Each structure stands twice: as structure tokens, then as C-alpha cells.
Participant: 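Here it is, the structure, as C-alpha cells.
Just so you know, these numbers come straight off a predicted model, no measurement behind them. Just follow the structure's listing: the first ligand is 1, and inside any ligand the first atom is 1.
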Amino acid sequence: MRQQGSQGTGWKLAVGLIVALSGVAAGQGMKDVEAVAKERGLSAADLLAAAKTYTPSGMKDEYVIFSSGGHSGQVFVIGVPSMRLLRTIAVFTPEPWQGWGYGVGNDILAEGNVNGKPNLWGDTHHPAISETKGDYDGEFLFINDKINARIAVIDLRDFETKQIVKNPLTVSDHGGAFVTPDTEYVIEGAQYAVPLGFDYAPISEYKDKYRGSVTMWKFDRKAGRIDKSQSFALELPPYWQDLADSGKLASEGFFFLNSLNTEMATGGIESKQPPFEAGVSRNATDYLHIVNWHKAEQAFKDGKAEMIKGFPVLRIQTLIDEGILFLTPEPRSPHGVDVAPKGDFIVVAGKLDPHVSVYSIDKIKKAIADKKYSGSDDYGIPVLDFDAVIEAQVELGLGPLHTQFGPDGYAYTSLFLDSAVARWTLGGSYGAGTPEPDWTLVSKTSVHYNVGHIGAAEGDTVSPDGKYLVAFNKWSVDRFLHPGPLLAQNFQLIDISAQGTTMPVIYDMPIGIGEPHYAQIIKADKLKPWSVYPEVGWDPHKQAIDPMAPKPKQERIERKDGLVEIYGTAVRSHFTPEHVTVKQGDRVVWRITNVERAVDAIHGFAIPAYNINLSLEPGETAKIEFVADVPGTFPFYCSEFCSALHLEMMGYLMVEPN
Ligand code: RUQ
Ligand code: CUA
């Protein structure tokens, strides 16, 4: 099954090229490259791919992928083209190396409790980098958790999660996180319909009581947090709203949401109704939801929202009355909706239709103005006439899902059933960029296997970069050694730098930590992360100096009425204090500052039996609290190999029994 490049002269040429480019040392010349390639069975195409991706020690990557971590509940940070994992960002799931949930981040994880119940994993799907004028600005990252309808906010100065918001209306989300062009709002579309507030209602009352929704979370960039008090939601019919994308430029002020199950199927067996699988795809079309969020924001500000579960909701009737929501047919069981770089076209891919359907925002606006309706749905929402708003339909192959864009007028769509990535041309004002005719399939590259999302470099912004595209494949089957029956998924890097039909896969990266969905790829130089925290005593949660942070020479232990407060520091290679004796039952508040200023001088702080491990980055201060309920002698130590005397970086916590 392995695709081999052409052998023979091409092979020799590639070897020659690589040898020439790499300046291989004398005695390690072309002959050696040839010999190694022969021995390992590498083709010319393989050697060329290696030259495009091999990144010697110390060379930095050009792009950075922020990938959903799927069930891991985290975010993965990966370099391109090396495809090396640079970091996991702890989000919805405890992560011991970063101390997330083991002393730090516990309060943020608790913000994600669902009706008071901790839910310590997430099903992350769609990361969204903050944008300025529709372009990634590299300041913040948002990601949704599909299983519990939560959105997390990550600050890209330190790549740490700062906030988790639980949606009060719904319990699963899918159409998030997506940002408006200046990150005014983070959009979160629900998925499986439930009664708003997810209270109990029998499934027989589906049409009346169950609802979809989309939430507009107001982002306060200065505070670096979602401002719940300025956020609101839109009530939607109980269709399963699927993916969303925000309009930009020509479509600024709108966002778009797919849906499936406009049949309002409620599942089979006892009900004698068809099972979901069949019931949900009976209709030939579903509805693309077109939302004018500028008008929605105005209606919210004008007090037209109703409070449900303490959260403002614009009801369906208000959405109709105010001209906020319109529907239009889309081929059944659509999945991705993606807005083209100029905002003028909206590309919808329907899993059960071999075409992508391209809608025009100009035509949508005109149809709204002219009231070009083909009718209304069961809830009275106007349905824009399909023929009045469609621009083109392009046949690509089986199972089209998600679309990304290049800088030159090409669009790229993943084909789930074909296991391929299709390159096709946009028309309209993009037409001049490509040699091929408008709205046509140019080529397909096979990927392995069952591709879900794809991500192109800045491929969903107003200025895509092209160059690289990554296929996020669900199956890997025979690509890697089998570590048991649970197989790694596969990120395949594709070189899209040449126009026309050449689009080779140049790297495979197994992901053995969860099922990643979407990822965004940003130019590395747009990120300005800190290498050390700005000052000693920095509290990453507040992104400010903590006035209570312990300082060198002021370390101490204070005791008062069963409360023991420790002010400690960490530096290569000792903790101060090294001895802490408390009484069983004492409440312990332990503050500790890493006073280092050197890059990478990280200390851990781990206490056995108490489930505590911190990662203290240079300058960082942390506060942990626990009740010393287990008596005994507990050597605590630095859990990060920080120096030659790292093993000596320890101390004793002694808990005297009552
Ligand atoms: S999706 S199934 Cu983004 Cu294709 Cu979640
Ligand atoms: Cu500090 Cu090891």
C-alpha cells in the first residue's frame, strides 16, 4: 500500500540535490546517502520529503499547529514542518507535569463543573486563535469541549488556560470555538438538542420542549477573559446545529451554522421510529443557519432577551421579528461550513453529497432584502430560496467534510470516504489566481485514512499562507507499528506550495493521545510567548505580581489557630524552608516562588501522599492549600531535573499525629 516515488534517475537527482544542499562532510558524501537510502528502501520522493521536513537540532519551525487534543481534553502544540510535539497545553484534564489539577489550576478546572459535578476530561474539537481584522494575532486561543459544552480561554503569553466557562443552557456543543473577526465574541453552537438548561423532559415532547442554541461569549481582551455579564445566547430549533464559521470582510456581521436532523428524529426501538442513523438523514436537505450577529447584539442591548437559567436568551420569535435569523437549504447531513478569505463565499460540505455547495453573501443579503423566501420552517423562520443564494456546486468526491483556503484562489476539502484531500478552484474574484477554470476539481492527494479536518497555514483567515496543509486522519491502519489494538491517529503533512496537481504527502506524525479534530496553523513569528515570567513573584492566573508572593530572605512559617502558612522559595538547588512540621489536622497554606531568572530553570514541587505536584516556571509563584490529615514523614522534592544537585533539592514535611 505504500506509495513509492519513481526510482532511477529521479532518485539519483534527489540524492545529488540533498547532498549539494546539505554540504555533507567529506567522506560522508553522495555515496553514503545513496547507500543509506538503498538500505532503507527510500525513494527519490522520500528523500525530497525528508529534505523538506528534516529539522536539525537548533533549527526552528516556521509554523505552529494548535491542535485539539480530542479526548485528552488538552491542546497540542506542534512545529511545522518538523511535526515535532512542542507542548501539551493542559485544559480540561489534570496534567501532572504542569501541576494542572495537582496544586495549580484546580480552581479553573472547578469552573468547568457541570451542575456542581467535576468533569475531569474534555472532548476538545475546535481551537480558535484570536483574530484582529480576521487575521490570527497570536494573543489568545479558545477551545470547546463537546461533551459538556464548555469553552476554555488560553493566554498565549504563557500557553496556560486562564478560564473555563460552562454553558448554562446546553450540555453538548460542536459549533465552537469560532471567533468574530476582531474577537469581540467567541461563538459556541450547541449540538444535540436538549430542553434549554438541560432539565428533564420526555423525548416525546421533543418538538415543543427541546431546543438548539448558539451562545455569543463576549471576550474582554484586556482582562483576557470571557465576560459572562455581556454574553448572551440565541434559541434555535431542535435541529442538531453542527459546525459554525464567522463571516469576515464581505460577510462581516454574520455567522453561519450548519445543522443536521432537521427531521427532528428522536431515535428508534421502543418508539418504533427509525434509529437516529436513518431518521436523521431522511430529508434531502437540511438548513444552513444565517445569523446577523450585529442585529442580535443590538437586540440583546435593547433588552429583548429573556432570562433562562440566569442567562439572557433571544427567543426564536425575537430572532424572526428582528431579522436576525434566516435558513436556507443545504445538501443533507452537512458537516463543515467555511468562509472564503474575502468573506464573499460560504462553502458547505455535505457528507452524503459529493459536492461542495458555495453560497454567495451578496446573494444572501439581496435575498434577505427582497424577502426571497421559499417558505418557512416549523418554527416560522424564513427559508431563503436556495437558487437565489447559491453561487456554485463543485463535485469533489465522496464524503466532503471541511474546507480550507490557499493564498492563490485554491480551496482544499477533506474527503472522508475517499480518504483524500481535494484541491479545487474558487471562482469570482479569486479566478485569476489559478491557471485552471473556476469552480473545478484540480487534483486529489490520497491520505491514510479517513481524514476529518484539514488545516492549511493560516488557511481560515483573510490572508492564507498556503505552503503547508495537514490532514488530520482518523485511522492509521497500517502506517505504524501496532501498540495493541488501539491505534494512533495520523497527522499527514502535505506540501501545497506548487500550483496544479502536485501535492505530495511529506510527513506522517502519529498521535497516540486522543482523537484530534480541528487545528489551526499560525506563522511562528506571530507568537510572542514569554521565556520567563516578567518578574519574580508572578501569578500566572492573574497575569500580575502577587503581593503575597514569598521573596528570598523573607522565607518563614507562620502559625495561628490550626493554620500554618508557609512562605517558601525554590532556586537551584534548594528549597527554603527545608523542614516544615505541622500538627495533624492543621490547615496548610503553602506559598512558593521560583526565584530563577534563567530560561528553562524550572523547579517542581511534589509532596507525597497529598497528591501535590507543581511546575514552577522562572519567576512563577503558586499557592497550595490542604489539610494535613495524614500523619507521617513526607520527603518533598523538586520533580524537575534542574541541576547537578537536583536530587538534593528536597525537604521534609513532618505531620505530628494528634
Ligand atoms: S468535526 S466530529 Cu470538527 Cu468534523 Cu467534530
Ligand atoms: Cu529544582 Cu530539581
Side-chain angles (χ1 to χ4, degrees), residues 66-71 97 99 122-128 142-147 149 172-178 187-192 240-245 257-260 280 333-338 347-352 356 399-404 413-417 421 450-455 460 470-475 489 514-520 568-576 578 592-596 598 600-606 613-618 620 622 635-651:
F66 289 102
S67 167
S68 98
H71 319 76
W97 174 53
D123 183 16
T124 57
H125 274 236
H126 307 113
F142 310 93
I143 191 153
N144 74 314
D145 163 30
K146 170 169 157 160
I147 183 68
S172 64
D173 72 21
H174 194 231
F178 293 90
I187 300 165
E188 183 190 23
Q191 180 134 72
Y192 303 119
W240 298 349
Q241 281 77 29
D242 205 43
L243 266 143
D245 201 5
L257 252 175
N258 277 329
S259 62
L260 57 161
V280 164
S333 296
H335 192 62
V337 51
D338 298 284
V347 181
V348 168
K351 290 169 286 192
L352 302 179
V356 285
L401 294 185
H402 300 285
T403 299
Q404 293 271 297
T413 300
S414 53
L415 303 172
F416 180 81
L417 297 174
V421 174
N450 294 357
V451 56
H453 280 270
I454 50 177
D460 63 357
V470 181
F472 308 110
N473 305 322
K474 307 292 185 187
W475 290 29
Q489 308 198 343
E515 185 206 338
H517 292 262
Y518 186 42
Q520 289 183 329
T569 57
V571 71
R572 277 164 288 171
S573 306
H574 60 271
F575 290 113
T576 311
E578 291 187 326
I592 180 160
T593 305
N594 176 354
V595 302
E596 304 272 3
D600 216 357
I602 294 155
H603 299 290
F605 177 66
N613 185 43
L614 302 181
S615 168
L616 297 165
E617 281 101 70
E620 178 171 355
F636 58 84
Y637 65 86
C638 169
S639 54
E640 194 78 25
F641 206 114
C642 56
S643 65
L645 297 176
H646 152 78
L647 291 181
E648 289 79 352
M649 192 167 174
M650 62 85 67

Participant: Report yes or no: do Thr593 and Thr569 form a side-chain donor-acceptor pair below 3.5 Å?
Facilitator: no
Participant: Going by side-chain contact (heavy atoms from CB on, under 4.5 Å), name the residues that satisfy it together with Leu352, two or more places apart in sequence or in a different chain.
Facilitator: Ser281, Arg332, Ser333
Participant: For the residue pair His174 and Asp242, confirm or rule out a side-chain donor-acceptor distance under 3.5 Å.
Facilitator: yes
Participant: So which protein N/O/S atoms does atom 1 (Cu) of ligand 2 have within less than 2.8 Å?
Facilitator: His603 ND1, Cys638 SG, Cys642 SG, Met649 SD
Participant: To check your reading of the model: name the closest protein heavy atom to atom 4 (Cu) of ligand 1, its residue, and the distance in Å.
Facilitator: His335 NE2, 2.1 Å
Participant: Working to the nearest 0.5 Å, report the span between CZ of Phe416 and CH2 of Trp475.
Facilitator: 7.5 Å
Participant: Side chains of His517 and His126: do they bring a donor and an acceptor to under 3.5 Å?
Facilitator: no
Participant: Using a distance threshold of 2.8 Å, what protein N/O/S atoms lie below it relative to atom 5 (Cu) of ligand 1?
Facilitator: His125 ND1, His174 NE2
Participant: Between Asp460 and Gln520, does the side-chain hydrogen bond (donor to acceptor under 3.5 Å, both in side chains) criterion hold? Intermediate values first, please.
Facilitator: CA-CA 8 Å; Asp460 63 357; Gln520 289 183 329; 2.8 Å; yes
Participant: Please name all residues satisfying salt bridge (Lys or Arg N to Asp or Glu O under 4.0 Å) with Asp245, sequence neighbours left out, ordered by chain then number.
Facilitator: none
Participant: Using a 4.5 Å cut-off on heavy atoms from C-beta on, say whether the side chain of Cys638 contacts that of His646.
Facilitator: yes
Participant: Has the side chain of Asp145 got a donor or acceptor atom that lies under 3.5 Å from a matching backbone atom of Gly122?
Facilitator: no
Participant: How about Tyr518 and Phe472: are their ring centres within less than 6.0 Å of each other?
Facilitator: no
